[in-house]
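Right, one structure below, let's go through it.
For this chain, numbers begin at 1 and follow the sequence in order. In listed order, ligands and their atoms are each counted from 1.
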Amino acid sequence: MTSDLLSLTKPDDWHLHLRDGEALRTTVPHTARAFSRAIVMPNLQPPVTTVAEALAYRERILSCVPPANKFQPLMTLYLTDTLSRDEIDKASAVDAVVAVKYYPAGATTNAENGVTDISRVYPVLERMAELGLPLLVHGEVTDDRVDIFDREQQFIDSVLTKLLSRYPTLRLVFEHITTSHAVEFVLHQPDNVAATITVHHLLYNRNDLLAGGVRPHFYCLPVLKRDSHQRALAKAAVSGNPKFFLGTDSAPHGRTTKETDCGCAGIYSAPAAIELYAEVFESHGALDKLEGFASFHGADYYGLPRNSSKITLRRNGWQMPAEFGFADDVVIPIRAGNSIVWQLEKL
Ligand code: NCD
Ligand code: ZN
């Protein structure tokens, strides 16, 4: 029997883009309404590369948290070829900074300053492995000759395998995995290796992006894959395996930068993220596995306490607005203008 009420320990979002400035007035309340904590990505322009910058960014985020919400942003540093071991030591000493984000140079939005060659950051990775500071990996090669649908698999073969054999104890989160190859890879690694799975990669595949017309609001990186990969991700997410946890990769872009000749990558899922994860888990008959995925596995991996408060979702269809104000533009959310099954009860 399915119930119309779902109570779960308040979830956390282990991979989130909030942007900066005026945009925070839109993005922070959308995440804070449902999530207790979120790991905030550092790909601002310029990127967040020092602990001081991360702490200042954290204050700007906190100033946009609605008074009714308790929300804790967990900050990250952006790994560049020149990040120092000293900065790693500083980050490791500060509770508000929890990880370092690795973008291969040019892989995605604001990744121009990313790592050009993994060997350049070996000294930093060695220090991170010693200190137990997690590396959060955007796992795609950027070689123009590699087909965009194969970039994650290639990254596993040409970078990740070598990286982990060099630093087997490095704590590493393979972010927003999109393929059965990534699922298999993570399953075969020890406990220090985990993965986040977005709600859009669970809900959609590349037909949603490309069949019957190109839909820019389904364009994200890593790009949506074929349905067999979508099924493999769902199987991993609902399996109850603590290696897999919630990371929305909610990544807002103004409408004018999405609906254009060369549109930005990113899907804005924060306004209905936990509701849509519930929809996915229910469709796999696994609502009982949602709490582990959304509220326990990530906290356990990061060595943080599980949240003690609860949220309630009610089966009460509602309509996602067509758009939200976003600085001097608007942002089109996931499911814009369409219905969502589960509704978050107000606090
Ligand atoms: C992200 C963004 O817009 O910052 N875009 C995306 O499609 N996921 C960057 C990223 O995480 O790749
Ligand atoms: Zn991301």
Inset, instruction - Assess the side chains of H217 and R255: does a donor N or O sit below 3.5 Å from an acceptor N or O? - result: no

Examine H176 and say whether one of its N/O/S atoms is closer to the Zn ion (ligand 2) than 2.8 Å.
no

Examine all N, O or S atoms of H138, backbone included, and report whether one is under 2.8 Å from the Zn ion (ligand 2).
-> no

Nearest heavy atom to atom 5 (N) of ligand 1, choosing from P252, C220, A265, belongs to A265

Write out the residue and atom name of the closest protein heavy atom to [atom], then the distance separating them to 0.1 Å.
| atom | answer |
| --- | --- |
| atom 2 (C) of ligand 1 | R19 NH2, 3.3 Å |
| atom 10 (C) of ligand 1 | T108 OG1, 3.5 Å |
| atom 7 (O) of ligand 1 | L221 N, 2.8 Å |
| atom 11 (O) of ligand 1 | H17 NE2, 3.1 Å |
| atom 8 (N) of ligand 1 | D249 OD2, 2.7 Å |

Should the proximity of [X] to ligand 1, defined as any heavy atom under 4.0 Å, be assigned to the side chain, the backbone, both, or neither?
| X | answer |
| --- | --- |
| I267 | neither |
| E175 | neither |
| H253 | side chain |

- Please walk me through it: do K225 and E152 pass salt bridge (Lys or Arg N to Asp or Glu O under 4.0 Å)? CA-CA 10 Å; K225 305 298 191 299; E152 185 172 278; 5.1 Å; no

Atom name of the N, O or S atom of D249 nearest to the Zn ion (ligand 2) is OD1

Given the options F244, W14, F281, F293 meets ring-ring contact (aromatic ring centres under 6.0 Å, His included) only with F281

[X] heavy atoms, cut-off 4.0 Å: which ligand 1 atoms fall inside?
| X | value |
| --- | --- |
| H138 | 12 (O) |
| H176 | 11 (O) |
| A251 | 1 (C), 2 (C), 3 (O), 5 (N) |

If you draw a 6.0 Å radius around CZ in R226, do more than 12 non-hydrogen atoms from other residues or ligands fall strictly inside?
no

Should we count NZ of K310 as having more than 12 external heavy atoms under 6.0 Å?
-> yes

For side-chain contact (heavy atoms from CB on, under 4.5 Å), just list the numbers for Q230 and D227, CA-CA rounded to whole Å, side-chain angles, deciding distance to a tenth of an Å, and then say yes or no. CA-CA 5 Å; Q230 182 190 5; D227 65 341; 3.9 Å; yes

Self-check item: Contact (N/O only, under 3.5 Å) between N43 and ligand 1
Solution: yes

Notebook entry, point to check: Would you call D147 and R151 a salt bridge, taking side-chain N to carboxylate O under 4.0 Å as the test?
Noted result: no

Please determine whether a side-chain nitrogen of the Lys or Arg among D20 and R60 lies less than 4.0 Å from a carboxylate oxygen of the Asp or Glu.
yes

- Item | Exam field: side chain N113 to backbone T80, donor-acceptor pair closer than 3.5 Å | no

Please state whether the rings of Y268 and F324 are parallel, tilted or perpendicular, taking 30° and 60° as the class boundaries. perpendicular

